Each structure stands twice: as structure tokens, then as C-alpha cells.
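The structure appears right after this line, and notes come after that.
A quick note: this is a predicted structure, and the numbers were derived from the prediction, not measured.
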Amino acid sequence: MVKKRVKVCQFCKAAIDEIDYKDMGKIRRFTSSRGKILSTKVTGTCAKHQRMLSKALKRARFLAMLPYIKT
């Protein structure tokens, strides 16, 4: 039997309370190559931070800091 590695939320680990939409380095890691938001199963983020992350990504897209899709 193979043990699955438990993914730890990177934001909880770093004790981050608020995800900033201007921090492009952190936000880009949680998008796919096509520009979509990656799921919690892939990234390992908790539900609380996943909600904050999606809001930050959508805000960054609205302000044209991130593209909606990559072609």
C-alpha cells in the first residue's frame, strides 16, 4: 500500500492572514499554464485560503495585472 503525502497549506504554514492581490509571485504559482485557478487538491491550500486566493486572483485579473486566459 502506498502512502499519500499530505499537502500542507502554504499560507497556514507561513501564518499569512490576508492574501495580497499585488503579490504576483505568490498568486501566479496557483494558476495553471492556461491561466485557470488550480484546485485545492492540486495545491494543498485549505478552504479558507483558497477562497481568499480566488478573490485575489479575480481582483488581479480585473485590474489587468493577470490575464484572464493565456493563449
**OP:** Report yes if the distance between the aromatic ring centroids of Phe62 and Tyr21 is under 6.0 Å, otherwise no.
**Re:** no
Subject >> 4.5 Å side-chain heavy-atom contact, Gln10 and Ile16 >> reply: no
Subject >> Set of side chain to side chain contact (heavy atoms under 4.5 Å, CB included) partners for Cys12, sequence neighbours left out >> reply: Cys9, Cys46, His49
**OP:** Working to the nearest 0.5 Å, report the span between CZ of Arg61 and CE of Met65.
**Re:** 13.5 Å
Subject >> For Thr31, all residues meeting side chain to side chain contact (heavy atoms under 4.5 Å, CB included), sequence neighbours excluded >> reply: Leu57
Subject >> Separation between CG of Asp20 and NZ of Lys26, rounded to the nearest 0.5 Å >> reply: 9.0 Å
Subject >> Min side-chain heavy-atom separation Gln50-Thr43 under 4.5 Å >> reply: yes
Original post:
How many angstroms lie between CD1 in Ile69 and NZ in Lys36, if you round to the nearest 0.5 Å?
Top reply: 10.0 Å
Subject >> Greater than 12 external heavy atoms within 6.0 Å of Lys7's NZ >> reply: yes
**OP:** Grab the two heavy atoms, one from Met52 and one from Glu18, that are nearest each other, plus how far apart they are.
**Re:** SD-CA, 4.1 Å
Original post:
So Phe11 and Ile19, side-chain contact (heavy atoms from CB on, under 4.5 Å) or not? Walk me through it.
Top reply: CA-CA 8 Å; Phe11 300 109; Ile19 299 173; 3.9 Å; yes
Subject >> Atom pair CZ/CG of Arg29 and Leu38 - distance to nearest 0.5 Å >> reply: 11.5 Å
